[in-house]
Amino acid sequence: MTRRFSAWCGALALVAGLAGVGCAQRPLDAPQAGSATAAPHRTRLILKDGSYQVVLSYQVKGKIVSYMSAERGLTEEIPEDLVDWDATHKWERLHPAAGGDAGQAPAPNPTIDPELLKEEADRAALTPEVAPDLSLPEQDSVLALDYFHGTPELAPLVQSDGELNRTTGHSILRLSVNPRAASHQIVQLKGVTAAVQMHVDTPAIYLRLGDDSGIRRGGTPLTVDTHGAGAGVKTDSSGGSADSGYVIVRADVRTDARVLASFKIALLGVKPQEDVVETATEVLPGGHWLKLTPKKPLDFGEYALMEVVSENEVNLGVWDFGVHPVAPENKDAIKPRAKRPVTLERRGPG
């Protein structure tokens, strides 16, 4: 009996020992909410397109930024030149204690400095979206919104008066005219067709506004040889102005040339004039772009956008284009670009 009792006690001790070993091998419990474990710090990598990544840490390695995503818990990489470092460092200075437990739902976004919001809105206003995934470029230019086979495209319009160098910028060659004079030739453009052809009859035209909008302009003033006719002609490069008037003038196609005739400035907005189509204007939010839309559909043919500087001055620097639905696609057209995630490579920790 004693021998069997001893054997039973030994077996019980062995089982207890094995149970103790099993307990020692269990993984530690996860920290409970409210424990003394410090919450990981969250910050933002703000990108040049206005979006941002919420990260726990980041490190610049040459031309690559490696960061730990707070949302996905993975180490990811993006090119260094995609990061807006000024905005990123400014956000870090304004939110030194922004944080939260990576294992919990993100805390509500802290209030962003109004100045930073204004800067981001102003940056977006420089390149407004005019069609799905299609935005105006940041540089100075005049562009027409066209549709080729149903797809929206932006076609850059060049400025010329037959003597000016052709450019996508905006310069003014002022010509004093008699606002009530009869029609006569004022501009002759080389060739029978413009380089840009619209495939729709009501193209919207976008003109970048000038220095009065507070935006630094590129380009240089144009040098014009007026061949002795400079008494009533002045040249400057002050940029587009919302105070100017704009009309679309139909060109008279002749042998190797397109001719633009003058019109009666005093009758604009009062009485329709042959070969002159007035435009509706709208300054886009931010004040950087002026949208021009013809008030009536354009017939097939050749045209030019002309600026009326004042009640007795016009700009001889015009933007020419044609309207032909079956014309080939414009070769320099800007096409829609779908927004893509900025992460180029994803890899696990370590």
I need the minimum non-hydrogen distance between [X] and [Y], along with the two atoms involved.
{"X": "Pro336", "Y": "Pro132", "answer": "CB-O, 3.8 Å"}
{"X": "Val192", "Y": "Asp256", "answer": "CG1-N, 3.6 Å"}
{"X": "Leu154", "Y": "Ser135", "answer": "CD1-O, 3.5 Å"}
{"X": "Pro203", "Y": "Pro294", "answer": "O-CD, 3.2 Å"}
{"X": "Arg42", "Y": "Ala70", "answer": "NH1-CB, 3.5 Å"}
{"X": "Asp299", "Y": "Val323", "answer": "O-CB, 3.8 Å"}

ask   = Considering residues at least two apart in sequence or located in another chain, which fulfil the salt bridge (charged side-chain N to carboxylate O under 4.0 Å, His left out) criterion with Arg93?
value = none

request  = Report the residues that fulfil salt bridge (charged side-chain N to carboxylate O under 4.0 Å, His left out) with Asp275, sequence neighbours left out, ordered by chain and then residue number.
outcome  = none

When you compare the side chain of [Y] with that of [X], does any pair of heavy atoms fall below 4.5 Å?
{"X": "Val196", "Y": "Pro156", "result": "no"}
{"X": "Lys335", "Y": "Leu134", "result": "no"}
{"X": "Ile186", "Y": "Met306", "result": "yes"}
{"X": "Pro325", "Y": "Phe300", "result": "yes"}
{"X": "His199", "Y": "Asp146", "result": "yes"}
{"X": "Val277", "Y": "Val247", "result": "no"}
{"X": "Trp85", "Y": "Val65", "result": "yes"}
{"X": "Ile78", "Y": "Val83", "result": "yes"}

request  = State which residue, out of Tyr147, Tyr303, Phe321, fulfils the side chain to side chain contact (heavy atoms under 4.5 Å, CB included) condition with Met198.
outcome  =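 So the option named by the test is Phe321.
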
inquiry  = Under 4.0 Å between a side-chain nitrogen and a carboxylate oxygen: does that hold for Arg258 and Asp320?
reply    = yes

message = Check this for me, if you would: do Asp252 and Arg254 make a salt bridge, where the nitrogen-to-carboxylate-oxygen distance has to be below 4.0 angstrom?
response =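 Looking at Arg254 together with Asp252, the answer is yes, because their closest N to O distance falls below 4.0 Å.
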
Is it the case that one hydrophobic cluster holds both [X] and [Y], taking links as side-chain heavy atoms less than 4.5 Å apart, direct or via other members?
{"X": "Leu45", "Y": "Ile64", "result": "no"}
{"X": "Val187", "Y": "Leu268", "result": "yes"}
{"X": "Ile46", "Y": "Val54", "result": "yes"}
{"X": "Val259", "Y": "Val276", "result": "no"}

message = Run Val142 and Tyr206 through side chain to side chain contact (heavy atoms under 4.5 Å, CB included) and show every step you take.
response = CA-CA 6 Å; Val142 178; Tyr206 297 89; over 6 Å; no

Nearest-0.5 Å distance, [atom1] of residue [X] to [atom2] of residue [Y]:
{"X": "Ile334", "Y": "Leu145", "atom1": "CD1", "atom2": "CG", "answer": "11.0 Å"}
{"X": "Arg208", "Y": "Leu126", "atom1": "CZ", "atom2": "CG", "answer": "5.5 Å"}
{"X": "Tyr58", "Y": "Thr88", "atom1": "OH", "atom2": "OG1", "answer": "6.5 Å"}
{"X": "Glu329", "Y": "Glu153", "atom1": "CD", "atom2": "CD", "answer": "4.0 Å"}
{"X": "Met68", "Y": "Leu56", "atom1": "CE", "atom2": "CG", "answer": "7.0 Å"}
{"X": "Leu47", "Y": "Asp84", "atom1": "CG", "atom2": "CG", "answer": "8.5 Å"}

Heavy-atom neighbours of Lys295 NZ exceed 12 at 6.0 Å =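 Atom NZ in Lys295 is crowded, with more than 12 foreign heavy atoms closer than 6.0 Å.
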
query = If you draw a 6.0 Å radius around CD in Glu274, do more than 12 non-hydrogen atoms from other residues or ligands fall strictly inside?
reply =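 Atom CD in Glu274 is not crowded, with 12 or fewer foreign heavy atoms closer than 6.0 Å.
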
Flag, side chain of [X] to backbone of [Y], donor-acceptor distance under 3.5 Å:
{"X": "Asn330", "Y": "Asp332", "answer": "no"}
{"X": "Thr293", "Y": "Ala204", "answer": "no"}
{"X": "Gln273", "Y": "Lys264", "answer": "yes"}

request  = Report the residues that fulfil side-chain contact (heavy atoms from CB on, under 4.5 Å) with Pro128, sequence neighbours left out, ordered by chain and then residue number.
outcome  =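 In terms of side-chain contact (heavy atoms from CB on, under 4.5 Å), with neighbours along the sequence ignored, Pro128 is linked to Leu136, Leu284, Trp289.
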
message = Under a plain distance cut-off of 3.5 Å, with no hydrogens placed, do Glu76 and Tyr67 share a side-chain donor-acceptor pair?
response =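 Their side chains do contain a donor-acceptor pair, which is all the 3.5 Å distance test asks for.
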
request  = Mind running side chain to side chain contact (heavy atoms under 4.5 Å, CB included) on Thr75 and Ser66 for me, showing each step along the way?
outcome  = CA-CA 7 Å; Thr75 299; Ser66 178; 3.4 Å; yes

Stepwise side chain to side chain contact (heavy atoms under 4.5 Å, CB included) check, Ile205 with Tyr246 = CA-CA 11 Å; Ile205 299 175; Tyr246 294 87; over 6 Å; no

task = Check the pair Gln159 / Glu307 against side-chain hydrogen bond (donor to acceptor under 3.5 Å, both in side chains), numbers first and verdict last.
result = CA-CA 11 Å; Gln159 188 181 29; Glu307 180 177 10; 5.8 Å; no

inquiry  = Does Thr202 form a side chain to side chain contact (heavy atoms under 4.5 Å, CB included) with Leu298? I'd like the steps, not just the answer.
reply    = CA-CA 6 Å; Thr202 53; Leu298 305 177; over 6 Å; no

